[in-house]
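Please read the structure below before turning to the comments.
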Amino acid sequence: MMNDAKPNKFTYPTLLKACGDGGIVAEGKQVHCHVVKLGFAGDGHVKSAGIRMYGYFGMAADARKMLDDEDDDDAVCWNAMIDGYFRCGDVGKALEVFNTMQSERIRPGKFVLTSVLAACAHLGALDHGRWVHAYVRRKKKSIVMDAVLGTALLDMYAKCGRLDMAWEVFESMKEKEVFSWNAMIKGLAMHGRADDAVELFFEMQRRKFRPNGITFIGVLNACAHSGAVEQALKLFDSMENVYNIEPEVEHYGCLVDCLGRSGRLEEAEELVNSMPIEPNPAVYGSLLGACRIHGNAELGERIGRLLLELEPNNSGRYALLSNIYAKAERWDDVAEVRKLMKERGVKTNPGSSMIELGGCVHEFKMGEGCHPKMKEIYSTLKVMIERLEMEGYVPNTSQVLFNIEEEEKETALQYHSEKLAIAFGFISTKPGETIRVVKNLRVCDDCHSAIKLISRVYGREIVLRDRVRYHHFRDGTCSCKDFW
DNA sequence: GTAGGGTTAG
């Protein structure tokens, strides 16, 4: 017989997976059609591979349709769906699906729990993450804490502001891999603990783990956010000389960031011009950010104009350039950048802050009044700001039309999203309880100084994660030492 | 008998 090579249901999971990995959408859809025609769509292996493929394509709705169409689904299918929503940027949906899965009495194993922890980490959903941790502990006979699950758990704690718990998990892990060390190093870096991050970098080598390119992104990042320029230069040089790792564009970006933040703008620019690989927009972005911090309008203008052509749709770049002009009181240029943005139809990226209370994630956007307690939140905030003003706080909103690196505009009653989230935290927690907020953009100068004061005046610890790092406010100071 | 799963960075 010559029919041996005819495709059967065993062929399709591999095929779907390959389409997903290769990002070939048209082919993938076609394979899916075949699968349906041949009646294989209900098979668990086929189904999970299809869901995963659509997730990789960024087509969450199609993935969901596959999940819902046939009812033969197991944990692998659900896991593909959770991961799919995560990839598509709908992290809240990922957690929702996890709940649906459990209501259908499918028991999560280590794979699902790992995906869920990644979603919690992203959202800053500490309570959800803690629940997973408790679940893993409860089921320790059936769920083995391997390096991947442990890493996801410690990463969740670090990204949710609990560096102490991240460390505890890390230390207790019997199985560690390079990525576990990387996650812990990055966690320390995010929290501004540069010395500890570098120390751990050496410790991993004493334990015979070889740093890789990602490890270096972690340590270089740590240096950038603590002003440890010499350390960063030394580490960067050692990449090739000692570790035989060729620096990639991201590593150059870290170094440019580090030099620039520390005010060594000439060296930063020199590095951008002399680096052996083509700088990407992120590298120029670091340089532009440094120009804002240090008020260098001359360099800022050159780099800003370049970036506006490289990335005409990135609203953050316009905001940053406009900010640099505003700082130099070049108001005509500020207006021109805004006009350019309007002409090109560039949409601003709205700031949003999340706070998790009672197992529920609340999201706030500036100027948005849809939260049921919005009235109370605004009046609380008004009272708080008045109190701060008595303590010497001066709202810093007069000068710039856009805020830091970003796009938010602030008027008397339009508070930045983190202020709204914090006010909501105040009316929803007991006195003395730590307030934890996660923001999608970077924190601005004004909010930063206001929150410092809030932490002192109201005796509250406030933990704020912005787009790149943590700020622990306590007793009038911030863990970033005002260097961010 | 053959096939489908999770982590760190960007």
Side-chain angles (χ1 to χ4, degrees), chain A residues 4-5 7-21 35 40-56 63 66-67 72-84 86-87 94 98 106 108-122 132 136 143-156 158-159 166 169-170 173 175-190 197 200 204 209 211-222 248-254 280-283 285-286 467-468:
Chain A
D4 288 359
N8 57 29
K9 71 171 179 179
F10 297 107
T11 320
Y12 290 100
T14 318
L15 213 52
L16 290 162
K17 182 181 188 303
C19 292
D21 290 342
V35 159
F40 298 148
D43 180 84
H45 289 255
V46 171
K47 196 172 159 172
S48 64
I51 296 168
R52 179 182 179 275
M53 176 187 79
Y54 281 120
Y56 271 54
M66 271 197 96
L67 180 74
D72 173 37
D73 38 54
D74 55 13
V76 187
C77 292
W78 286 93
N79 190 31
M81 194 63 243
I82 291 167
D83 188 55
F86 184 45
R87 275 173 196 281
F98 176 57
I106 311 236
K110 64 178 179 182
F111 291 96
V112 170
L113 295 170
T114 303
S115 301
V116 169
L117 284 168
C120 294
H122 191 91
V132 173
V136 171
I143 297 171
V144 179
M145 176 88 90
D146 61 15
V148 180
L149 180 56
T151 302
L153 187 59
L154 88 81
D155 184 55
M156 179 279 294
K159 291 202 174 124
V169 171
F170 179 71
M173 283 167 64
E175 241 186 83
K176 291 190 185 78
E177 295 288 343
V178 172
F179 53 73
S180 319
W181 293 85
N182 288 353
M184 195 64 231
I185 287 170
K186 178 73 191 175
L188 288 162
M190 267 191 95
L200 201 62
M204 75 183 276
F209 286 92
N212 60 22
I214 295 172
T215 320
F216 277 96
I217 288 175
V219 278
L220 289 172
N221 215 266
E248 291 171 53
V249 69
E250 289 81 10
H251 300 105
Y252 283 96
C254 288
N280 63 9
V283 173
S286 295
R467 208 189 52 207
V468 301

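Both backbone and side-chain heavy atoms feed into the values below; hydrogens, waters and symmetry mates do not. Proteins come first, then strands; the chains are lettered A, B, ... in the order of their sequence lines, and each starts at number 1.
Base engagement by A/N79 is indicated by at least one non-hydrogen atom pair under 4.0 Å involving a base atom. Within the nucleic acid shown, A/K159 comes within 4.0 Å of sugar-phosphate atoms alone, with no base atom in reach, counting heavy atoms only. Within 4.0 Å (heavy atoms only), A/G44 reaches at least one base atom of the nucleic acid. Within the nucleic acid shown, A/K110 comes within 4.0 Å of at least one base atom, counting heavy atoms only. At the heavy-atom level, A/N212 lies nowhere under 4.0 Å from the strands shown. Heavy atoms of A/L149 sit under 4.0 angstrom from at least one base atom. A/I217 comes within contact range of the sugar-phosphate backbone alone, with a heavy-atom separation under 4.0 Å but no base atom that close. Nucleic acid contact class of A/V116 (heavy atoms, under 4.0 Å, all strands): none. A/A147 comes within 4.0 angstrom of nothing in the nucleic acid, heavy atoms only.
For an aromatic pair to be called close, the ring centres must be under 6.0 Å apart, and A/F98 with A/W78 fails this.
Below 30°, between 30° and 60°, or above 60°: for A/W181 and A/F170 the angle between ring planes is above 60°, a perpendicular geometry.
Where DNA chain B meets chain A (any atom under 4.0 Å from a heavy atom), the bounding nucleotides read 5' to 3' are B/dT2 to B/dG10.
For the residue pair A/I217 and A/C254, the shortest heavy atom distance occurs at O-SG, 4.1 Å. In plain terms, the two heavy atoms of A/M81 and A/I51 that are nearest each other are N-CG2, 3.6 Å.
Residues A/S115 and A/D83 have side chains that never bring a donor and an acceptor to within less than 3.5 angstrom of each other.
A/T114 has its side chain out of reach of A/F111: every pair of non-hydrogen atoms, C-beta onward, lies at least 4.5 Å apart.
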